[in-house]
Amino acid sequence: MMILDGQPVTADRLAPLALTPYGHFTTMRTDDGRTVRGLGLHLARLTADCRALFGVELDTGLVRGYLRQALAAEAAPMIARVTVYDPGFDLGRPADARDPRILVSTRAAGDPGGLAPLRVCSAVHRRADPAIKHVGLYDSLRLRRDAQLHGWDDVLFTDPDGLVGEGATWNLGLVRGERLVWPRAEVLAGVTMRLLTALHPDHRTEPVRHDELGGYDAAFACNTAIGVRPITAVDGHRFPPAHPVLDRLRGAYWRPAGEEV
């Protein structure tokens, strides 16, 4: 399903997003059509990014209403994406884009428990405006494609000095002993990352060099769609597909029902 401001989408209203991709979004999972884990964090992200990209305040009440409308007939697990963009965007006058609209789209959610561990390669890259979840995914998807063409599942970004950052569409988590470690870098602080941090008291954020990855006991990717997905290889570094901390993180993450939309 896809609705724009609560109405069926027409091609002319989607054209600006396709031709001049300026906007932002958030993606969330619902298992019952009524609740979303970290809904407040998703709404806060949309509000902050709308202020940064369009200079206006987003009506989160409208967002919730459109989400309820899109999910009303869905009982199976779904992935809902809320995209905020201005259909009147003018390529020559981006400063005039101050009338953002709310596009809600849904798709069936897969079973995260059935996902195989990831094998990823690294690439030197920094997303533009990494703190904003914007629609400009070309660089990330191109590098993911390159990784897959060379036999890997996905890509992990590093900076020119070898500090590890984030994946194409996910945050990297590492485990040392019982401690959960997030790389300190310019990355998007994902909602799933923030929820896992709250669920695991023994955590810290620290610089992680690519050549030091062998000093960690486990690695995983996380986002709303996949939850906690083990990583078994980053280039030449190998990690086990299972670890007690990963099991506890998965159990704690999937246990709460979430917040009412």
Side-chain angles (χ1 to χ4, degrees), residues 25-29 37 77-79 81 107-128 130 133-160 162-176 180-197 208-251 253-254:
F25 72 101
T26 195
T27 303
M28 57 194 81
R29 178 185 173 110
R37 291 174 188 82
M78 301 294 295
I79 299 295
R81 169 171 163 156
R107 59 181 172 85
D111 175 14
L115 295 173
L118 288 171
R119 297 174 60 257
V120 306
C121 65
S122 63
V124 176
H125 181 65
R126 175 187 178 275
R127 292 187 308 107
K133 194 173 179 71
H134 53 77
V135 299
L137 295 176
Y138 167 79
D139 291 348
S140 297
L141 296 182
R142 176 60 187 268
L143 289 169
R144 171 179 282 172
R145 182 177 188 274
D146 288 347
Q148 292 174 352
L149 289 174
H150 287 85
W152 302 91
D153 299 311
D154 214 327
V155 63
L156 173 66
F157 303 146
T158 70
D159 73 7
L163 287 176
V164 170
E166 61 189 341
T169 56
W170 40 268
N171 287 112
L172 172 69
L174 298 161
V175 176
R176 183 192 293 123
L180 171 60
V181 177
W182 303 110
R184 181 179 297 149
E186 292 185 288
V187 302
L188 178 71
V191 168
T192 302
M193 170 185 174
R194 295 171 68 180
L195 291 175
L196 291 173
T197 301
V208 177
R209 295 187 56 83
H210 181 279
D211 58 9
E212 297 172 344
L213 286 171
Y216 294 89
D217 302 318
F220 65 93
C222 65
N223 66 23
T224 296
I226 63 176
V228 175
R229 186 173 180 180
I231 293 174
T232 54
V234 178
D235 298 319
H237 299 284
R238 299 292 183 262
F239 303 96
H243 189 279
V245 171
L246 300 190
D247 292 340
R248 291 198 294 273
L249 287 172
R250 269 194 297 263
Y253 177 73
W254 292 114

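All heavy atoms count here, side chains included; hydrogens, waters and symmetry mates do not. Each residue takes its place number in the sequence, starting with 1.
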Compare every heavy atom of [Y] with every heavy atom of [X], then report the nearest pair and how far apart it is.
X	Y	value
R29	P112	NH1-CD, 3.7 Å
L143	A123	CD2-CB, 4.3 Å
W182	G173	CZ3-CA, 3.7 Å
H134	A128	NE2-O, 2.6 Å
C121	A147	SG-CB, 3.5 Å
D235	S122	OD2-OG, 2.6 Å

* D154 and R144 ion-paired at < 4.0 Å ->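 Counted as a salt bridge, because a side-chain N and a carboxylate O are separated by less than 4.0 Å.
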* Asked: Does D247 come within less than 4.0 Å of R250, counting only side-chain N to carboxylate O?
  -> yes
How long is the straight-line distance from [atom2] of [Y] back to [atom1] of [X], given to the nearest 0.5 Å?
X	Y	atom1	atom2	answer
L213	L172	CG	CG	7.5 Å
L118	T232	CG	OG1	7.5 Å
D111	I226	CG	CD1	13.0 Å
K133	T27	NZ	OG1	5.0 Å
L249	H243	CG	NE2	10.0 Å
M193	E166	CE	CD	9.5 Å

Quick one: are [X] and [Y] in side-chain contact, heavy atoms under 4.5 Å?
X	Y	result
L246	F239	no
H210	H237	yes
F157	P183	no
R119	I231	no
L195	T192	no
L156	W170	yes
L180	F220	yes
R248	V245	yes

* To do: Return the set of residues passing side-chain hydrogen bond (donor to acceptor under 3.5 Å, both in side chains) with R107 (not counting sequence neighbours), or none when no residue passes.
  =>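 None.
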Looking at [X] and [Y], would you say the former's side chain and the latter's main chain have a donor-acceptor pair under 3.5 Å?
X	Y	result
R37	Y253	yes
R209	E212	no
N171	G190	yes

* Atom CZ of R238: over 12 foreign heavy atoms under 6.0 Å -> yes
